[in-house]
Amino acid sequence: APCATILDEAKARLGADLARQLAAQQHVPPRPLVLPRLGPGEACPVSPHIDTPDYELLADGPVRLTTIGGWIDIALSPRDARGYFAAKAAWGIAQSDRGPIVISGRRLDRPGPVLFWNNFGDHTRAARWADDDRPANPGQGFYWLPAAVYVKHVGCYGFQIDGTTFSAHVVVRVVRH
C-alpha cells in the first residue's frame, strides 16, 4: 500500500506540473521568434550585464540570465545521448511582471537549436512556467526560475522571453573553458 500511495502522489504531482505548463502555454500570446542572424565573422552582440558579488546578470529590463563570467560554460558538461551539452540557467523575472513565462531560443552565428529543461519536461523547444511556479520569496527584486539549456556547440545564442505583457531578449556566448 505505501508504494501505491507514493505512485499516486507522483502521478498527481506530474499531472499538476503538466497542467501548470499547459496553462502557461495557453495564456502567453504566441509570438514569432525574433532574433538576429549573424554573418560570418560578425561579433556576438552579448546583452549588457550587471555585476553582483556572486554572478553576473545579463540583459536589462524585466528578464535577466545569471552567468558567471558573462557566458555559459559547457566545459564540465558531458554530451548526452542526443548530442547536447546541458548548462544550468537561472532566469530572473522582475517581481512586477506577473503571469506565465515562455523562453525559447536559437543559435545566432550558425544554424543550431536550443532546447530546455524545466519542471518535468526534458529536451523541450521552450521552457514554460505558470504564474504559480514562482517562489514565494523573490530575491534582489526578481523571481528566480531554474532551468537547463541544451546546446550542441559553442557559439552565440539568443533567447526570447515572452510574458503576457512583454517580450524580451538575452544574447550570450556559450564557451568551453
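Only a predicted model underlies this, so the values are computations on that prediction, with no experimental measurement involved.
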Asks: Is the shortest heavy-atom distance from the side chain of S104 to the side chain of V114 under 4.5 Å?
Replies: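 Contact flag for S104/V114 side chains = no.
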
Asks: Nearest 0.5 Å, what's the CD1-CD1 distance between I101 and I161?
Replies: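 So the gap between those two atoms works out to 8.5 Å.
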
Asks: List the atom of K152, the atom of R79, and the distance in Å for their closest heavy-atom pair.
Replies: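 Reported closest heavy-atom pair: O-NH1, 3.5 Å.
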
Asks: May I ask whether L38 and V154 are part of the same hydrophobic cluster, defined by side-chain heavy atoms of I, L, V, M, F, W, Y residues being less than 4.5 angstrom apart, directly or through others?
Replies: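 Different clusters.
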
Asks: Please find the pair of heavy atoms, one from A126 and one from T124, that lie closest to each other, and give the distance.
Replies: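 Here A126 and T124 meet closest at O-OG1, 2.8 Å.
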
Asks: Side-chain heavy atoms under 4.5 angstrom apart, residues restricted to Ile, Leu, Val, Met, Phe, Trp, Tyr: same cluster for L115 and W117?
Replies: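 In one cluster with L115: W117, yes.
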
Asks: Nearest heavy-atom pair of F85 and S77: which atoms, and what distance?
Replies: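 That would be CD2-O, 3.0 Å.
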
Asks: What distance separates W71 CH2 from L58 CG, expressed to the nearest 0.5 Å?
Replies: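 The CG atom of L58 is 11.0 Å from CH2 of W71, to the nearest 0.5 Å.
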
Asks: Does P113 reach the side chain of Y84, with side-chain heavy atoms less than 4.5 Å apart?
Replies: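 They are in contact (side-chain heavy atoms under 4.5 Å apart), so the answer is yes.
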
Asks: Report the distance from atom NE2 of H49 to atom OG1 of T67, rounding to the nearest 0.5 Å.
Replies: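 It is 8.0 Å, given to the nearest 0.5 Å.
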
Asks: Would a hydrophobic clustering, with Ile, Leu, Val, Met, Phe, Trp and Tyr connected at side-chain separations under 4.5 Å, put L65 with I74?
Replies: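 Looking at the clustering, I74 is in the same group as L65.
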
Asks: In terms of hydrophobic clustering (I, L, V, M, F, W, Y; side-chain heavy atoms under 4.5 Å; direct or indirect links), are L33 and V102 co-clustered?
Replies: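 They do not share one cluster, since no chain of ILVMFWY contacts under 4.5 Å joins L33 to V102.
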
Asks: Ignoring hydrogens, what is the shortest heavy-atom contact between H153 and V174? Give both atom names and the distance.
Replies: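 Between these two residues, the closest heavy atoms are O-CG1, 4.2 Å.
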
Asks: With distance as the sole test, does Q160 use its side chain to make a donor-acceptor pair with the main-chain N or O of S167 at under 3.5 Å?
Replies: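 Checking the backbone N and O of S167 against the side chain of Q160, no donor-acceptor pair under 3.5 Å is found.
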
Asks: For F159, does the six-membered ring have the charged nitrogen or CZ of R106 within the cation-pi criterion, i.e. under 6.0 angstrom from the centroid and within 45° of the normal?
Replies: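 No cation-pi geometry.
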
Asks: Counting only heavy atoms not in R37, do more than 12 fall under 6.0 Å of its CZ?
Replies: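 Open.
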
Asks: So which heavy atom on R173 is nearest to which on V46, and how close?
Replies: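 R173 and V46 have their closest heavy atoms at CG-CG2, 3.8 Å.
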
Asks: At what distance, to the nearest 0.5 angstrom, does SG of C156 lie from CZ of R110?
Replies: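 So the gap between those two atoms works out to 12.0 Å.
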
Asks: Is any side-chain heavy atom of L35 closer than 4.5 Å to one of Y157?
Replies: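 Side chain of Y157 against side chain of L35, heavy atoms only: no contact under 4.5 Å found.
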
Asks: T66 versus K88: any side-chain heavy-atom pair under 4.5 Å?
Replies: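 No. Closest side-chain heavy atoms not under 4.5 Å.
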
Asks: If hydrophobic clusters are built from ILVMFWY residues whose side chains come within less than 4.5 Å, do L108 and V149 share one?
Replies: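 Looking at the clustering, V149 is in a separate group from L108.
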
Asks: Give, for atom CD1 of I103 and atom CD1 of I93, the distance between the pair rounded to the nearest 0.5 Å.
Replies: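 Interatomic distance, I103 CD1 to I93 CD1, rounded to 0.5 Å: 5.5 Å.
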
Asks: Looking at S47 and H169, what are the two nearest heavy atoms and their distance?
Replies: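 Residues S47 and H169, closest heavy atoms: OG-O, 4.1 Å.
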
Asks: Taking the side chain from D109 and the backbone from G155, do they hold a donor-acceptor pair closer than 3.5 Å?
Replies: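 No: the side chain of D109 does not pair with the backbone of G155.
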
Asks: Could you tell me if the ring centre of Y150 sits under 6.0 Å from that of H123?
Replies: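 Y150 vs H123: aromatic centres under 6.0 Å.
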
